[in-house]
Protein chains: 2
Amino acid sequence: MLKLTRKVEYALIALRYMDRNKDRRCASAKEISDLYHIPLSLLSKILQTLSKVEIIQAVQGAHGGYILNINPEDFSMTELINILEGPLGIMDCSIDSECSQLDTCNIKSPITKVNNAIINVLNNITLADISEQQSTGLKI
Amino acid sequence: MLKLTRKVEYALIALRYMDRNKDRRCASAKEISDLYHIPLSLLSKILQTLSKVEIIQAVQGAHGGYILNINPEDFSMTELINILEGPLGIMDCSIDSECSQLDTCNIKSPITKVNNAIINVLNNITLADISEQQSTGLKI
DNA sequence: CATATATAAGACTAATTTAGTCTTATTAAG
DNA sequence: CTTAATAAGACTAAATTAGTCTTATATATG
């Protein structure tokens, strides 16, 4: 519970890699998949999604790959999550108002505040923050 | 993703109800289950768990039920989540260090900071906060 | 132009987690 | 003794997440 999905995790790993390698022409899905042990098909689909909304730019054909197309400082975790998983809500009623509780629920309003607080945290974390920091056992 | 489980949701509903009714002797699982349309067996198990760690106190036999056994101001969302779901981590590596990435992961350290920020939000939300606020369509 | 290496797209399956049910035992009030 | 509660745990169902497989298209390079 309250877990990020692998999709988001893999996207962060790939985006960080691209950011750190922006001097090079482009980074292929295969290259990232090999380096970080991510299933290629899965990573491909994630990168295709990011490419469709122009977070990264695809370069087709041999020697192709992807190039970062946003400023890391301006791209928040919330945006990434929205692109890959849809709107962020800690309970169903935080997103749509469908709820088996009908109108008996006694916690909707406080839960909404918790949800907003979490979204606020994620709004304030950008790809630059993810990219910047040193990780233990770092390869790139 | 990043969702609270029903267990936590039902626990909050029940705890809020008990808090708002602490003048009465005790509240039974059946009563809460009926009022909020929560499956009885499921709610029972949740309340048993909370009773084992003495967040609530069980009163057995006919006319039995549960009584709140903590000060709502001192009981945080983090504690509740820990009791019902175990330690809170937005990625597996936020909890234990088991990770298919081995030592190639490039985002562990920043993700840990995100995790801490979220835990911090939940630390600062107590049952009193949940209980206090008015909900729309409120019954009790 | 043939080949190798990329992305694009989507159907499909497997694995895991979450939600809910069912059964049996125990406790205490009336 | 009967009724209404909690206690405990095995079991099943549903939903979500993760991953695979297949086919098509694009392009650099020899």
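What you are looking at is a predicted structure, and each value in this text was computed from that prediction instead of being measured. Each chain gets a letter, A, B and so on, in the order the sequences are listed, and its residues count up from 1.
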**Study point:** Check ion pair A:D129-B:K113 (N to O, under 4.0 angstrom)
**Key:** no
Review point. Between B:R16 and B:E132, is there a salt bridge with N-O shorter than 4.0 Å?
Key: no
Please report, rounded to the nearest Å, how far the [atom2] atom of [N] is from the [atom1] atom of [X].
| X | N | atom1 | atom2 | result |
| --- | --- | --- | --- | --- |
| A:Q57 | C:dA8 | CD | C1' | 16 Å |
| A:I46 | D:dT20 | CD1 | P | 12 Å |
| B:K52 | D:dG9 | NZ | P | 6 Å |
| A:R6 | C:dT16 | CZ | P | 10 Å |
| A:Q60 | C:dA8 | CD | P | 5 Å |

Report yes if a side-chain nitrogen or oxygen of [X] is closer than 4.0 Å to either non-bridging phosphate oxygen (OP1 or OP2) of [N]; otherwise report no.
| X | N | value |
| --- | --- | --- |
| B:Y66 | D:dA7 | yes |
| A:H63 | D:dT29 | yes |
| A:Y10 | D:dG19 | yes |

Practice item. Run the numbers on A:E9 and B:K108 for salt bridge (charged side-chain N to carboxylate O under 4.0 Å, His left out), then give the verdict. Key: CA-CA 10 Å; A:E9 174 185 344; B:K108 177 161 177 158; over 6 Å; no
Check your understanding: Which part of the nucleic acid does B:S28 contact within heavy-atom distance under 4.0 Å: base, sugar-phosphate only, or nothing?
Key -> sugar-phosphate
Exercise for review: Classify the side chain of A:K45 versus the base of C:dT7 as yes if they form a donor-acceptor pair under 3.5 Å and no if they do not.
Suggested key: no
Point to revise | Any N/O donor-acceptor pair, A:K3 side-chain to C:dT17 base, under 3.5 Å | key: no
Review point. Is the backbone N or O of B:S131 less than 3.5 Å from a side-chain atom of B:D19, with the two atoms forming a donor-acceptor pair by type?
Key: no
